[in-house]
Structures are given as structure tokens and as C-alpha cells.
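Here it is: the structure, laid out below.
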Amino acid sequence: MRKSDRTARFQVESYDLEATLNSGQAFRWEKFETNWEGIVKRRWVKLSRDPGAIVAETADSVPDWDWLKDYLQVELPIENVIGSFPDDEALRTAVSAFPGLRLLRQDPWECLASFILSSNKRIVQIRQIIRALCRRFGEGIPSGAGSPGAYTFPSAARLAETSEGELRECKMGFRARYLREAACLVATSKIDLDSLRRLTCEEARCQLMTIPGIGCKIADCVLLFGLGFNEAFPIDVWIMKGLRELYFKNRPVPMKELREFATGHFGEFAGYAQQYLFHYLRTRTADTASSTNSAR
DNA sequence: CTCCAGGCGCCTT
DNA sequence: AAGGCGCATGGA
């Protein structure tokens, strides 16, 4: 097998691979030295940066790289996105913290299942649960030399035939029932995730929220990260506190009002704005937080 | 030990 | 309609 069939270069400007793969939108990427290893569409992938390009390497030969270009959104003109943002102090700060942060276009089912598992969990633990889930119920696939075994994300059909008890062995606790029920709905096509793309964002959100364990926030994550609705604006605890602080002088603004503000303020790429704010909020106090904790 | 985590569902007012 | 509480599990 020729190496050229297993590697590709994507020309990109302003693409922060680290921030993009490690900003809580996807949970399976792991860093080894300067490389990032993950699984996209049943393929193990190793990514690294060259000046002006992203370098990709797979375990098997690849005739066509569109699947990865789509996942990474390398052809999206990010300057149009940032240019569409309202000109306010908070967003300027957040964007300048990670100007190369991008949104990935993930598989809708993996995204849906992952964010069901995210509820009331820290990102580190979400990653652990998903790792255990894939190892146990995913399919083994070839990985690069020196890498630990790679597994696909288990299909809805596969998880639909597992018991709640088996899922709980992956330490997901009460989320097991939600995950199994969601898997059954998707596996039986009672929910057709791909067809949701053809609906309006609002219609698709309503469909998603009929799934047990999926409320407004998780639905918005699926809309944004999995289905390509760039206007979806997930409001988690970080964004909730951040919006109150940055836009409302820490007034205890009710959730409903925050949602209306976000919808009106951030524009057609509100979801990108959300990701810049989220990553900025989560990383800005990391230094002071750890130093104050360690000073205990 | 207690507290809390990329929330949600359900039960009170 | 809005607010409060329990939920599994593990790390700080």
C-alpha cells in the first residue's frame, strides 16, 4: 500500500486544530505529542499541522477525502462567519482568544448519543464514558502503528439491542435508559436524523425534544454540531453564567430571556459565537482557578 | 466528609 | 408557567 493513499494535506488558513478538537464539541480526540488521533466515519485518523495546512493520515488507503474535509469544515470561509458577528466587547475578546476555532460537522447519531451522556457530567468524565462505550460496543478498526486499538462509535442498532444494565457498566448511570431509548427510536426510524436537516431549525428541535433525555440544550447541540444548523445556540451552565456576566452585568436574568437575547443578538452564525464564548469562558480562568485551588 | 458536573424529567406551587 | 429536587458516578 502506498503511503500517498493514506495521507492528505488540506490547505487552511486560521484553523486552530487544538482548540477545535478540544473545545467540548467532540469527545473522542486524543493528543499524542503534536498529533491528534480520533475516529471519523469508521476510520482512524491522525491529524497534525503544517504551515498553512492540516495533514491527515489514516490506517487504510483512502480513495476520496471528502468525508474528512466535510467533518473538519476546511472549506468554510471562517472570515465570513466572524464578519457576521455583532461588534461587541465580549465576543471580540472570545474570538481573539482562539481566532482559529472552528465547528466540526459530526455524525448526528454519535453527536446525539454523546450529548445524552453529557448531562450533569464533566467533560473529562463524558470522554471516559464514551471511551468505555466504544470499546465495549463499537467495532474494532485498524489504527496506526503504535496507537492503542481503535473502535467505531456503536450504531443505534447495536445499542438498541443492549440491556440497560450492560450500558450502566460503562458508568453512565441514569443516562443508560435515555441512551437505550434514543437508540431504539433511531434504529427503528421513528426518528430519522438525516431527514431533520430538511426541516427548519425550530421544527427539528421539536422533533429532537420528543426523545427522552433530550431537552433544549442537548437538542441545540445536536442541531449545531451534528445537523449543521449554524443558528442553534446551546445554553449550558457556562454560557448561561457567561451571558449574564458579559451582557447583563451579572443580573439574574431568567433563562427564557437569555434565549431570546441570544436568538436576536448573535445572528445567522450564533452557534459559532456560542463556541467561541464557551471555549473562552472555560479556558480563561483555568490558571487562576488551579492556583487558588492548589493554594488550599 | 461535602460539593458539583456542556441537564433533564417530574413534582410542587 | 415557573421553581425545586432527585438522579449515578467520580473527582476535587
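Computation of the quantities below employed the complete heavy-atom set of this structure, encompassing side-chain atoms and omitting hydrogens, waters and symmetry-equivalent molecules. Throughout, a chain's letter reflects where its sequence line sits, starting with A, and its residues are numbered from 1.
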Nucleotide B/dG6, atom C1' - distance to CG of A/Leu103 in whole Å: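 Computing the A/Leu103:CG to B/dG6:C1' distance gives 14 Å.
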Residue pairs involving residues 166-207 of chain A (criterion ring pair (Phe, Tyr, Trp, His ring centres under 6.0 Å); sequence neighbours excluded):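 Passing the test, one end in residues 166-207 of chain A: no pairs.
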Apart from A/Trp67 itself, residues in the same hydrophobic cluster as defined by side-chain heavy atoms under 4.5 Å: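 Members other than A/Trp67 - counting any ILVMFWY side chain reachable under 4.5 Å - are A/Phe10, A/Val12, A/Tyr15, A/Leu17, A/Leu21, A/Trp29, A/Trp36, A/Val40, A/Val45, A/Leu47, A/Ile54, A/Val62, A/Trp65, A/Leu68, A/Tyr71, A/Leu72, A/Val74, A/Leu104.
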Results of side chain to side chain contact (heavy atoms under 4.5 Å, CB included) for A/Glu13 - residues two or more places apart only: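 Once residues adjacent in sequence are excluded, A/Glu13 has no partner under the side chain to side chain contact (heavy atoms under 4.5 Å, CB included) criterion.
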Touch class at under 4.0 angstrom, heavy-atom based, for A/Lys121 against every strand present: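 Base, at least one base atom sits under 4.0 Å.
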List the atom pairs, donor and acceptor, that lie under 3.5 Å between side-chain atoms in residues 260-272 of chain A and the rest of the protein, sequence neighbours left out.
| from | atom 1 | to | atom 2 | distance (Å) |
| --- | --- | --- | --- | --- |
| A/Thr263 | OG1 | A/Arg259 | O | 2.8 |
| A/His265 | NE2 | A/Asp88 | OD2 | 2.8 |

DNA chain C: 5'-proximal contact among A/Arg122 and A/Ser119 (nearest heavy atom):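 Between the two, 5'-proximity favours A/Ser119.
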Salt-bridge present (A/Arg43, A/Asp60; N to O < 4.0 Å):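 Not counted as a salt bridge, because no side-chain N and carboxylate O are separated by less than 4.0 Å.
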Gap in Å between the two P atoms, one belonging to C/dA12 and one to B/dG6, rounded: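 After rounding to an integer number of Å, I get 13 Å for this pair.
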Touch class at under 4.0 angstrom, heavy-atom based, for A/Ser23 against every strand present: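 The answer is base, as A/Ser23 lies within the cut-off (heavy atoms under 4.0 Å) of a base atom.
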Atom-pair distance (CD on A/Gln125; P on C/dT9), nearest Å: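 Spelled out: CD on A/Gln125 to P on C/dT9 is 12 Å.
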Under 3.5 Å donor-acceptor pair, A/Gln274 side-chain atoms to B/dG6 base atoms: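 When only heavy-atom distances are counted, A/Gln274 does reach the base of B/dG6 through a donor-acceptor pair under 3.5 Å.
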Euclidean distance for P, C/dA8 against B/dC11 (whole angstrom):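 Their P atoms lie roughly 15 Å apart.
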Rounded distance (Å) that lies between atom C1' of C/dG3 and atom CE of A/Met240: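 One finds 13 Å between C1' of C/dG3 and CE of A/Met240, rounded.
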Any residue of residues 248-266 of chain A with a heavy atom less than 4.0 Å from an atom of DNA chain C: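 Close to the strand, none.
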Touch class at under 4.0 angstrom, heavy-atom based, for A/Arg168 against every strand present: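 A/Arg168: backbone/sugar contact only, no base atoms under 4.0 Å.
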Whole-Å distance separating the CD1 atom of A/Ile129 from the C1' atom of C/dA8: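 Rounding to the nearest Å, CD1 of A/Ile129 and C1' of C/dA8 are 9 Å apart.
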Rounded interatomic separation in angstrom, taking CG from A/Asn120 and C1' from B/dC3: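 Answer to the nearest Å: 12 Å.
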Non-neighbouring partners of A/Lys46 that pass side chain to side chain contact (heavy atoms under 4.5 Å, CB included), sequence neighbours left out: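 Here the qualifying residues are A/Asn35, A/Glu37, A/Trp44, A/Glu57.
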Length of the line joining A/Trp238:CH2 and B/dC4:P, which is rounded to integer Å: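 In whole Å, B/dC4 P and A/Trp238 CH2 are 14 Å from each other.
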Contacts of type side chain to side chain contact (heavy atoms under 4.5 Å, CB included), residue A/Asp64, not counting sequence neighbours: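 So A/Asp64 forms a side chain to side chain contact (heavy atoms under 4.5 Å, CB included) with A/Asp66.
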A/Arg168, CZ atom: more than 12 neighbouring heavy atoms under 6.0 Å: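 Counting neighbours around CZ of A/Arg168, more than 12 heavy atoms of other residues, nucleotides or ligands fall under 6.0 Å, so yes.
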A/Gln106 side, atom CD; A/Phe153 side, atom CZ - distance, nearest 0.5 Å: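 Taking CD in A/Gln106 and CZ in A/Phe153, the distance rounds to 10.0 Å.
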pi-stack flag for A/Phe278 and B/dG6, centroid dist under 5.5 Å, interplanar under 30°: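 Yes, A/Phe278 stacks on the base of B/dG6, since the ring centres sit under 5.5 Å apart and the planes are within 30°.
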Could you write out each protein N or O paired with an N or O of nucleotides 9-13 of chain B at a distance under 3.5 Å?
| from | atom 1 | to | atom 2 | distance (Å) |
| --- | --- | --- | --- | --- |
| B/dG9 | OP1 | A/Gly213 | N | 2.8 |

Whole angstrom value for the distance that separates C1' of B/dG6 from CD of A/Gln128: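 To the nearest whole Å, that distance equals 16 Å.
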Euclidean distance for P, C/dG6 against B/dT2 (whole angstrom):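 Comparing P positions in C/dG6 and B/dT2 gives a spacing of 15 Å.
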Secondary-structure stems, DNA chain B, at least 3 Watson-Crick or G-U base pairs under 3.5 Å: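 As far as DNA chain B goes, consecutive pairing (with distances under 3.5 Å) yields the stems B:2-5 with C:9-12, B:7-13 with C:1-7.
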Pair listing, salt bridge (Lys or Arg N to Asp or Glu O under 4.0 Å) test, anchored in residues 173-187 of chain A, at least two apart: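 Listed once each, the pairs would be none.
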Rounded C1' spacing from B/dC3 to C/dC5 in Å: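 Going atom to atom, C1' in each nucleotide, I get 16 Å.
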Pair A/Arg42 + A/Glu139: basic N to acidic O under 4.0 Å: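 So A/Arg42 pairs with A/Glu139 through a salt bridge.
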Whole angstrom value for the distance that separates C1' of B/dG6 from OH of A/Tyr280: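 Taking OH of A/Tyr280 and C1' of B/dG6, I get 18 Å after rounding.
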Residue pairs, two or more places apart or on separate chains, that pass salt bridge (Lys or Arg N to Asp or Glu O under 4.0 Å) and touch residues 96-123 of chain A: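 Every pair satisfying salt bridge (Lys or Arg N to Asp or Glu O under 4.0 Å) with a residue in residues 96-123 of chain A: there are none.
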Sugar-phosphate, base or nothing in reach of A/Cys221, heavy atoms under 4.0 Å: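 Answer is nothing: A/Cys221 stays at 4.0 Å or more from every strand.
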Those residues that, when tested against A/Glu75, pass side chain to side chain contact (heavy atoms under 4.5 Å, CB included) (two or more places apart):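 A/Glu75 satisfies side chain to side chain contact (heavy atoms under 4.5 Å, CB included) with A/Lys69 once adjacent residues are dropped.
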